[in-house]
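Structure, as structure tokens:
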Amino acid sequence: MSGAGVRELRGDCARCFGLCCVAPAFAASADFAVDKPAGQPCGNLRTDFGCGIHAELRARGFPGCTVFDCFGAGQRVAQETFGGRDWRSAPASAGQMFDVFAVMRSLHELLWYLTEALRLHPPAELAEQLSAARAETDTLASGTAQELLTLDVDGHRAKLNVLLSRTAELARTRGGAAGPDHRGGVFVGRDLRRAGLRGANLRGATLIGADLRGVDLARADLTGADLRGADLRGADLSGALFLHQSQVDAARGDRQTGLPTGLSRPAHWSALPLTPRPTDRRPKRR
């Protein structure tokens, strides 16, 4: 296909118009220091569409901004759908551009999941269906602004989730039995260090502030799992399924946290104390 296989699926702010700083609404909370209505530029947005406090977002009360990923939708809307015309120089198109951005982000998120699913080397028939779904999704994302705004994104997502769920189920059982099914589970602040989550289904699970120190999450399906503030120090996520960078950025970890290839260790993790290694927990001889 003309780009779905190599489509940029990470945000490139230099080629966007600060859409994530304008289009969505912010509510004053632990994630955002202020309220901001949808369609109104954030007070920190500069005239060149850069963030005026980018290096200090966490310290200034905007950690939610540091974990947002548009999956490359911002630059596609800016450069492809609207041909490089920004909302400041063409204010009549601003509202439409912001609405299209929400649709495009959903489509690009699906492209990311479909691409990850193919990297799991599913059986040939399933791989063919995933490839076709990725091509279809990329074609939909290439539509005009009007076409994108009339698209049934929820219906398209529901159709693709069947394929993605099948892929995850096969991957969870590869090399061993599947782990527990905690799909949609709520584990806010829970101690899960002895929960046995290897190969678990954690799709859509709420793991805010959960204690996952030292947990083996190999083959665990983390699709849409909320990891904000989750303690991943010493945990092994190197074989986790469908884990993306924004989930990692929202969590807490250390140098011992194992991550999948392609994901980077957030800078704020370096300020956290290391979790003790198992050998460090043995009682000292007297």
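In what follows, every heavy atom counts, from backbone to side chain, and hydrogens, waters and symmetry copies are set aside. Sequential numbering from 1 along the given sequence is applied to the chain's residues.
Residue L202 holds its CG atom at 7.0 Å from CZ of F187, rounded to the nearest 0.5 Å. Note that CZ of F101 is 5.5 Å distant from SG of C20, once rounded to the nearest 0.5 Å. Going from atom CG of L118 over to atom OG1 of T167 covers 7.5 Å, rounded to the nearest 0.5 Å. A distance of 12.0 Å separates CG of L140 from OG of S106, quoted to the nearest 0.5 Å. The CD atom of E125 lies 11.0 Å from the CG atom of L130; values are rounded to the nearest 0.5 Å. Within the model, atoms CD of Q79 and CD of E8 stand 10.0 Å from one another, a figure rounded to the nearest 0.5 Å.
Under the side chain to side chain donor-acceptor pair (under 3.5 Å) rule, D69 has a single partner from H108, R10, Q247, which is R10. Partner of R193 under the side-chain contact (heavy atoms from CB on, under 4.5 Å) criterion, out of D231, L212, D211: D211 alone. F26 pairs with exactly one of F68, F32, F62 by the ring-ring contact (aromatic ring centres under 6.0 Å, His included) rule, that one being F32. Screening V67, L227, T66 against D249 for a side-chain contact (heavy atoms from CB on, under 4.5 Å) leaves a single residue, V67.
Two different hydrophobic clusters hold V248 and L57 under the rule that ILVMFWY side chains link at heavy-atom gaps under 4.5 Å. Hydrophobic clustering of Ile, Leu, Val, Met, Phe, Trp and Tyr side chains at less than 4.5 Å, counting indirect connections, unites L164 with L126. No single ILVMFWY cluster, assembled from side-chain heavy atoms under 4.5 Å apart, contains both L217 and I208. L9 and L107 sit in two unconnected hydrophobic clusters of ILVMFWY residues. Membership requires side-chain heavy atoms under 4.5 Å apart, directly or through other members. V100 and L110 end up in different hydrophobic clusters when Ile, Leu, Val, Met, Phe, Trp and Tyr side chains are linked at under 4.5 Å.
Nearest approach of A171 to L120, heavy atoms of both residues: CB-CD1, 4.1 Å. The shortest heavy-atom contact between A30 and P63 is O-CG, 3.2 Å. Between A178 and R172, the shortest heavy-atom contact is CB-NH2, 3.7 Å. In terms of heavy atoms, L197 sits closest to P180 at CD2-CG, 4.4 Å. Closest of all the heavy-atom pairs between F98 and A23 is CB-CB, 3.7 Å. Among all heavy-atom pairs drawn from L45 and G18, the shortest one is CD1-CA, 4.3 Å.
A donor-acceptor pair under 3.5 Å links the side-chain atoms of D35 to the main chain of A28, judged by distance alone. Counting only distance, with no hydrogens or angles, the side chain of Q129 and the backbone of L163 share no donor-acceptor pair below 3.5 Å. At distances below 3.5 Å, at least one donor-acceptor pair connects side-chain atoms of R265 with backbone N or O atoms of T257. Using a distance-only test at 3.5 Å, with no hydrogens or angles considered, a donor-acceptor pair links the side chain of K36 to the main chain of P24. A distance-only check finds no donor-acceptor pair linking the side chain of E109 to the backbone of F71 [under 3.5 Å]. Looking only at distances, no side-chain donor or acceptor of E56 sits under 3.5 Å from a matching main-chain atom of I53.
Using a 4.5 Å heavy-atom threshold, the side chains of H54 and N44 count as separate. The side-chain heavy atoms of H156 and L151, taken from C-beta on, include no pair separated by under 4.5 Å. Side chains of Q256 and R233 form no contact here, defined as non-hydrogen atoms less than 4.5 Å apart. Looking only at side-chain heavy atoms (C-beta outward), C70 and L19 stay at 4.5 Å or farther from each other.
Side-chain contact, R76 with S142: a donor N or O sits under 3.5 Å from an acceptor N or O. Looking at T223 and D221, their side chains do bring a donor and an acceptor atom within 3.5 Å of each other. In summary, the side chains of R85 and S93 do not present any donor paired with an acceptor at a separation below 3.5 Å, with no hydrogens or angles considered.
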Given side chain to side chain contact (heavy atoms under 4.5 Å, CB included), test F49 with V22 step by step and report yes or no.
CA-CA 10 Å; F49 303 112; V22 188; over 6 Å; no
What do the steps show when you test N161 against R203 for side chain to side chain contact (heavy atoms under 4.5 Å, CB included), and what is the final call?
CA-CA 11 Å; N161 273 339; R203 293 173 69 89; 4.0 Å; yes
Kindly indicate, with the supporting measurements, whether the criterion side chain to side chain contact (heavy atoms under 4.5 Å, CB included) is fulfilled by Q146 and L149.
CA-CA 5 Å; Q146 291 79 8; L149 292 177; 6.0 Å; no
Please step through side chain to side chain contact (heavy atoms under 4.5 Å, CB included) for the pair L263 and L237, ending with a clear verdict.
CA-CA 10 Å; L263 298 189; L237 294 89; over 6 Å; no
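Of the charged side-chain nitrogens involved, none lies within less than 4.0 Å of a carboxylate oxygen, so that R183 and D181 do not count as a salt-bridged pair. E116 has a carboxylate O that lies under 4.0 Å from a charged side-chain N of R119, or vice versa, which qualifies the two as a salt bridge. Ion pairing between a basic and an acidic side chain is recognised when a charged N comes within 4.0 Å of a carboxylate O; D86 and R88 show no such pairing.
By the 6.0 Å contact criterion, CD on E128 is open, its count of non-hydrogen atoms from other residues, nucleotides or ligands being 12 or less.
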